[in-house]
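Let me begin by presenting the structure, written as structure tokens, before commenting on it.
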Amino acid sequence: MLESLCEFFVVLGKVIYAWLEAVFLFFVPTSFIAKDISGQTVLVTGAGSGIGRLLALEFASHSCRLALWDVNSSGNEETAAMVKKLGTVARTYTVDVSDKDNVYAAAKKVMSDLGSVDILVNNAGIVTGRKFLDCPDSMVLKTMQVNSMAHFWTVKAFLPSMMIRNHGHIVTIASSAGLLGVTGLSDYCASKFAAVGFDESLRNELMAQNKEGIHTTVVCPYLISTGMFDGCSVRFPWLMNALEPEYVAHQIMKAILRNQEFIILPHVLYCFYALKGDDDDDDYDDVVQHSSSQVRLASSRLSGSFSNDGHLQRACG
């Protein structure tokens with residue numbers, strides 16, 4: 001009993017310390033605490049356009065070597081050309097991240113060409129934008145393969161070398177739709193919820209194995225004006241409109257340099273995430289359950305809903 005009590009207070013102390021540290025670091029400029037990533041090898045999936053391309057340019061500005069993965073070879077080569085203009089080494093690989101064997105083969109090629117990967121950015125993603133019953137099984141499967149299962153394959157490929165060196169950073173580009181369910185995005189939300197859960201579980205597993213040198217960051221942005229969500233309508237654009245991709249990429253880079261574990265964009269969404277609540281019968285009465293459900297519904301509506309235009313599947317990587 002005494003041993004359990006002592007363990008409880010130790011854990012409580014660590015939680016309070018972590019909370020106070022987070023509050024302190026919130027007010028500290030990134031330039032004061034940013035880690036040096038110059039010369040490190042970074043792999044970005046979905047690098048051929050959008051956020052992937054902008055992140056590649058961000059890393060290039062920090063003098064990183066880049067391995068660029070995308071299913072779109074021409075777009076990937078365009079990104080490489082832009083990166084090389086900044087004086088950075090960049091290698092391109094045409095990879096379908098939904099194909100496990102393709103991922104493992106490409107990973108071996110990367111390690112042969114550039115050595116161990118220091119920072120892995122799982123950015124590739126797709127969206128169908130169709131209501132649940134209108135979405136073909138093949139698209140549901142593809143969404144899960146690219147948006148969540150691919151993370152298992154890439155991390156399995158590159159984590160072992162990080163473990164040996166106790167050094168690395170795994171970045172998961174998820175979505176606010178991985179925190180709050182959105183109308184017309186059942187498959188996408190499920191895949192992003194999976195990505196968020198994968199990151200959290202992996203981070204806890206690394207901590208349990210005392211691998212303090214390996215960091216993880218999960219990014220949950222709102223709609224980004226990259227063309228991926230062209231069929232999406234926002235109920236209150238004056239309050240929360242689509243994010244500019246340059247802003248998102250810059251915020252992601254800041255989070256990586258600070259070893260920030262979790263980031264939601266825009267920051268106002270932290271409020272909706274906190275208000276989401278829990279409607280477990282054992283903990284809340286009917287009134288609170290109803291309020292929690294209404295908060296979730298309002299959050300979904302505020303986050304946007306897809307118009308039923310049957311637009312085709314869009315891909316980013």
State, without any angle test, whether [X] and [Y] hold a side-chain donor-acceptor pair at a distance under 3.5 Å.
{"X": "Ser191", "Y": "Ser148", "result": "no"}
{"X": "Asn72", "Y": "Ser74", "result": "yes"}
{"X": "Asp70", "Y": "Tyr93", "result": "no"}
{"X": "Asp187", "Y": "Thr128", "result": "yes"}
{"X": "Asn147", "Y": "Lys192", "result": "no"}

Could you walk me through whether Ile119 and Ile37 pass the side-chain contact (heavy atoms from CB on, under 4.5 Å) test, one step at a time?
-> CA-CA 9 Å; Ile119 302 175; Ile37 61 173; 4.1 Å; yes
Do [X] and [Y] sit in the same hydrophobic cluster, where Ile, Leu, Val, Met, Phe, Trp and Tyr count as joined when their side-chain heavy atoms come under 4.5 Å apart?
{"X": "Met253", "Y": "Tyr247", "answer": "yes"}
{"X": "Leu57", "Y": "Leu243", "answer": "yes"}
{"X": "Val146", "Y": "Met144", "answer": "no"}

Determine whether [X] and [Y] make a side-chain contact, defined as any pair of heavy atoms from C-beta on separated by less than 4.5 Å.
{"X": "Leu185", "Y": "Thr183", "value": "no"}
{"X": "Leu159", "Y": "Met162", "value": "yes"}
{"X": "Leu202", "Y": "Val155", "value": "yes"}
{"X": "Ile224", "Y": "Pro221", "value": "yes"}
{"X": "His167", "Y": "Ile214", "value": "no"}
{"X": "Phe262", "Y": "Cys220", "value": "yes"}
{"X": "Val110", "Y": "Leu43", "value": "yes"}
{"X": "Leu120", "Y": "His169", "value": "no"}

Kindly indicate, with the supporting measurements, whether the criterion side-chain contact (heavy atoms from CB on, under 4.5 Å) is fulfilled by Val121 and Val42.
-> CA-CA 8 Å; Val121 183; Val42 181; 4.3 Å; yes
Is a side-chain N or O of [X] found less than 3.5 angstrom from the main chain of [Y], in a donor-acceptor match?
{"X": "Gln209", "Y": "Lys211", "value": "no"}
{"X": "Thr154", "Y": "Ala150", "value": "yes"}
{"X": "Arg53", "Y": "Met82", "value": "no"}
{"X": "Ser98", "Y": "Gln145", "value": "no"}
{"X": "Arg65", "Y": "Leu114", "value": "yes"}
{"X": "Thr88", "Y": "Lys84", "value": "no"}
{"X": "Arg258", "Y": "Lys254", "value": "no"}

To check you understand the geometry: which heavy-atom pair defines the closest contact between [X] and [Y], and what is its length?
{"X": "Ser116", "Y": "Thr41", "answer": "O-CB, 3.6 Å"}
{"X": "Asp101", "Y": "Asp99", "answer": "N-OD1, 3.1 Å"}
{"X": "Ala90", "Y": "Leu68", "answer": "CB-CD1, 4.3 Å"}
{"X": "Gly213", "Y": "His215", "answer": "O-CD2, 3.8 Å"}
{"X": "Tyr188", "Y": "Ile126", "answer": "CD1-O, 3.3 Å"}
{"X": "Ala174", "Y": "Val196", "answer": "CB-CG2, 3.7 Å"}

Let me see the working for Gln40 and Phe59 under side-chain contact (heavy atoms from CB on, under 4.5 Å), right down to the final yes or no.
-> CA-CA 9 Å; Gln40 294 193 17; Phe59 282 112; over 6 Å; no
In terms of ring plane angle, is the pair His151 and Phe198 parallel, tilted or perpendicular, where the classes change at 30° and 60°?
-> perpendicular
Parallel, tilted or perpendicular: rings of Trp153 and Tyr104 (30°, 60°) | perpendicular
Identify the residue among Asn122, Thr217, Thr216 that makes a side-chain hydrogen bond (donor to acceptor under 3.5 Å, both in side chains) with Asp199.
-> Thr216
Kindly check if the number of other-residue, nucleotide or ligand heavy atoms within 6.0 Å of CZ (Phe132) is above 12?
-> no
Electrostatic pair Asp137:Lys142 at N-O distance under 4.0 angstrom = no
Passing candidate, side-chain contact (heavy atoms from CB on, under 4.5 Å) with Phe158, options Ile170, Val117, Asp118 = Val117
Take Thr94 and Thr92, measure what side-chain contact (heavy atoms from CB on, under 4.5 Å) needs, and give me the verdict at the end.
-> CA-CA 7 Å; Thr94 301; Thr92 58; over 6 Å; no
